[in-house]
Amino acid sequence: MFGMITNFVDELRWRGMIQDITPGTEEQLAKEMTAAYVGFDPTADSLHVGSLIPIMLLMHAQRAGHKPIALVGGATGMIGDPSFKADERKLLDEETLQKNIDGISKQLSMFLDFNSGNNKAELVNNYDWMKEFSFIGFIRDIGKHISVNYMMSKDSVKKRLETGISFTEFSYQLLQGYDFLHLYREKNCLLQMGGSDQWGNITTGTELVRRVTGGSAFAFTCPLLTKSDGGKFGKTESGTVWLDPNRTSPYEFYQFWLNASDQDASKLIRLFTFCEKSTIEDLERQHAEAPHLRILQEALAKDITIRLHGAEEYEMAVAASRILFGKSTADDLKRLSEKQFLEIFNGVQQATISRNEFEEGIGIIDALSAKTGFLKSNGEARRDLQSNAISVNKEKVGENYTLNHSDLISDKFILLGKGKKTNFIIVVE
RNA sequence: GGGGAGAUACUCAAGCGGUCAACGAGGGCAGACUGUAAAUCUGCUGGCUACGCCUUCACAGGUUCGAAUCCUGUUCUCCCCA
């Protein structure tokens, strides 16, 4: 895929993805194929929806004919980035780090083309070049070029001066800066991209390149994503939304996007899809006319879910959503085959009850807490029942309900619901 | 080293000898209304074999018929002086 080389900054600009940009960046991108890199922090063995933004930056770069480089911070992950963190971070051991790097690399390969064209993506690990660096060598060859005054003037450091920052974390920006220098020399990488919280670290890199080599390196950052209600993006009640389907099921992933507020949806569809400007504006018009249909959220959720998990998983998530949130009845549920049922409710919390026990009759309170652990206590079960929150196969039940044969779906499942959004499955075996 | 203040449930914060499973606010969960939204209104928010019982107010003892409340010691936090 040797496409035309284009300056993709304008594209990113209308999508609201440019916060800070160094002078001359656009000229460089218009001139020739440019290698651009983004760093990923290996703090977990999976990326989450927040990491999709830097991934999108790399994808945009590749689509514009430039060469994307994804850097995983095997070395920097051992240090911990102090940027906008209140406390000193825990250090990861090498084994965990390696596991995390493997997981992340696998996910990146789903988004970027690592195989074809002369702008194929590349994956690098800064541990590979940092591990040989001696402390003496580093402070002599690198530390000499950057003054402490310069490093202290960074926001990320300044904010920590009052509460305290270790030398380790203080040095972080130098390590990250060296990554840029290394990639500049070894891979002719001229551009670094990242979230705006990285601006300080990134400019240390461009500065280092300038002072050491006399050449020029470029950078831009993307605004950090905030939700219109002030909450943290990428989290739901049940925690972080991961890309790994074993951590966050495709259904939950789909639901995450579908539940975006109107205000956020407009922003998100620009950030996370490749839809063209006119398409998006069209969708927004339709959405404004009939907000209850949530056209934007549907389009957004569809685009991203298919890209990450594939069309089949997407269909399944939609089917599950219809059954769970549409006006489906116990009869609809009972018509499902065992296979369909399991696919739709993949990822929903389950518990097993033996057939013998079931035959003896199980009260709804036991079924919610003691026998299954879905709820923390009988008291909680009782309270929810009293407030009319509990349903068996989509039908509300009271405190005295006892599960029986006619509740079984495919002769083995029972769907319990708490409120509109929480479901549990009992498997009778 | 000397002096002072404090530690209450997820968080903030009342209570200062019985009426305290503990005011209130925030958060969370649920119900109604809705668009699986927002706003609003309502209920719930220690446990249980549940109109009663049990365990909780930093920890360990003590005084008392009775303690989150009083006393002693311990740990921790904050402030002032050196």
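Each chain gets a letter, A, B and so on, in the order the sequences are listed, and its residues count up from 1. From a predicted model like this one, the values you see are computed outputs, not experimental measurements.
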Task: Distance-only side-chain donor-acceptor flag, A:Ser156 / A:Asn201, under 3.5 Å - done: no
- [ ] Could you state the atom-to-atom distance from CD of A:Gln297 to C1' of B:A38 in whole Å?
- [x] 12 Å
TODO: Considering only NZ, NE, NH1 and NH2 on the basic side and carboxylate oxygens on the acidic side, decide whether A:Arg307 and A:Asp303 come within less than 4.0 Å.
DONE: yes
Task: Separation of atom CD in A:Glu380 from atom P in B:A9, rounded to whole Å - done: 20 Å
Open item on the list: Assess whether a salt bridge exists between A:Asp102 and A:Lys99, defined as any Lys/Arg side-chain N lying under 4.0 Å from an Asp/Glu carboxylate O.
Closed with: no
Open item on the list: Distance check needed: B:C29 P versus A:Leu368 CG, whole Å only.
Closed with: 17 Å
Task: Presence of A:Asn378 side-chain N/O under 4.0 Å of B:U49 phosphate oxygens OP1/OP2 - done: yes
Task: Aromatic ring pairing A:Phe253/A:Trp257, orientation class (parallel under 30°, perpendicular over 60°, tilted between) - done: perpendicular
Task: Distance below 4.0 Å between A:Lys376 side-chain N/O and B:G28 OP1 or OP2 - done: no
Open item on the list: Which nucleotide, if any, forms a Watson-Crick or G-U wobble pair with B:C70, using both distances under 3.5 Å?
Closed with: B:G62
Task: Side-chain H-bond candidate by donor/acceptor type, A:Gln192 with A:Asp179, under 3.5 Å - done: no
Open item on the list: Please report the distance, rounded to the nearest Å, between CG in A:Asp262 and P in B:U36.
Closed with: 12 Å
Task: Separation of the C1' atoms in B:G46 and B:C65, to the nearest angstrom - done: 27 Å
TODO: Give the C-alpha distance, both sets of side-chain angles, the deciding distance and a yes or no for side-chain contact (heavy atoms from CB on, under 4.5 Å) between A:Asp262 and A:Leu296.
DONE: CA-CA 8 Å; A:Asp262 293 355; A:Leu296 271 174; over 6 Å; no
Open item on the list: Between B:A67 and B:A22, how far apart are the two C1' atoms, rounded to whole Å?
Closed with: 13 Å
Task: Spacing of the C1' atoms in B:U8 and B:C16 (rounded, Å) - done: 13 Å
Task: Beyond-backbone contact of A:Phe111 with A:Leu58, side-chain heavy atoms, under 4.5 angstrom - done: no
Open item on the list: For a quick check of understanding: with a heavy-atom distance under 4.0 Å over all strands, which category does A:Gln255 fall into, base, sugar-phosphate or nothing?
Closed with: base
Task: Contact under 4.0 Å: A:Lys421 side-chain N or O vs B:A30 OP1/OP2 - done: no
TODO: Scan A:Asn259 against the nucleic acid and name what it touches under 4.0 Å (heavy atoms): base, sugar-phosphate only, or nothing.
DONE: base
Task: P gap between B:G2 and B:C71, integer Å - done: 22 Å
Task: Gap in Å between the two C1' atoms, one belonging to B:G6 and one to B:A14, rounded - done: 15 Å
Open item on the list: Please classify B:C51 as syn or anti, treating any glycosidic angle within 90° of 0 as syn.
Closed with: syn
- [ ] Identify, between A:Ala260 and A:Thr422, the residue whose nearest nucleotide on RNA chain B lies closer to the 5' end.
- [x] A:Thr422
- [ ] Between B:U69 and B:U63, how far apart are the C1' atoms? Round to whole Å, please.
- [x] 14 Å
TODO: Compute the centroid of each ring, for A:Tyr37 and then for A:Phe180, and state whether the two points are separated by less than 6.0 Å.
DONE: yes
Open item on the list: Counting only Watson-Crick pairs (N1-N3 plus N6-O4 or O6-N4) and G-U wobbles (N1-O2, O6-N3), all under 3.5 Å, who is the partner of B:C12?
Closed with: B:G24
TODO: Hunt down the Watson-Crick or G-U wobble partner of B:A82, both distances under 3.5 Å, from any strand shown, or write none.
DONE: none
Open item on the list: If you assign A:Pro291 and A:Lys418 each to the RNA chain B nucleotide with the nearest heavy atom, which residue ends up on the more 5' nucleotide?
Closed with: A:Lys418
Task: Opposite nucleotide pairing with B:C48, Watson-Crick or G-U, both atom distances under 3.5 Å - done: B:G52
Open item on the list: What is the distance, to the nearest angstrom, from the CG atom on A:Asp384 to the P atom on B:G28?
Closed with: 16 Å
- [ ] Rounded to the nearest angstrom, tell me the gap between atom NZ in A:Lys394 and atom P in B:U36.
- [x] 11 Å
- [ ] Mark yes or no: A:Arg63 above the aromatic ring of A:Phe274, with NZ or CZ under 6.0 Å from the six-membered ring centre and no more than 45 degrees from the axis.
- [x] yes
Task: Rounded interatomic separation in angstrom, taking CZ from A:Phe325 and P from B:A37 - done: 8 Å
Listed pairs, N/O of protein and of nucleotides 43-46 of chain B, under 3.5 Å:
from: B:C44; atom 1: O2'; to: A:Arg383; atom 2: NE; distance (Å): 3.2

TODO: Return the nucleotide paired to B:A5: Watson-Crick means purine N1 to pyrimidine N3 with N6-O4 or O6-N4, wobble means G-U with N1-O2 and O6-N3, both under 3.5 Å.
DONE: B:U77
TODO: Give the rounded distance in Å between these two atoms: CZ of A:Phe424 and C1' of B:A30.
DONE: 13 Å
Open item on the list: With rounding to the closest Å, how many angstrom separate the P atoms on B:U11 and B:C59?
Closed with: 14 Å
- [ ] Pick base, sugar-phosphate or nothing for A:Leu258, based on heavy-atom distances below 4.0 Å to the nucleic acid.
- [x] base
- [ ] Select one nucleotide: of B:G31, B:U49, B:U36, the one nearest the side-chain heavy atoms of A:Arg382.
- [x] B:U49
- [ ] For the residue pair A:Phe138 and A:Phe133, categorise the inter-ring angle as parallel (less than 30°), tilted (30 to 60°) or perpendicular (more than 60°).
- [x] perpendicular
- [ ] Using the C1' atoms only, state how far B:C12 lies from B:G28, rounded to an integer number of Å.
- [x] 15 Å
Open item on the list: Under 3.5 Å for both donor-acceptor distances, Watson-Crick or wobble: does B:G43 have a partner, and if so which one?
Closed with: B:C29
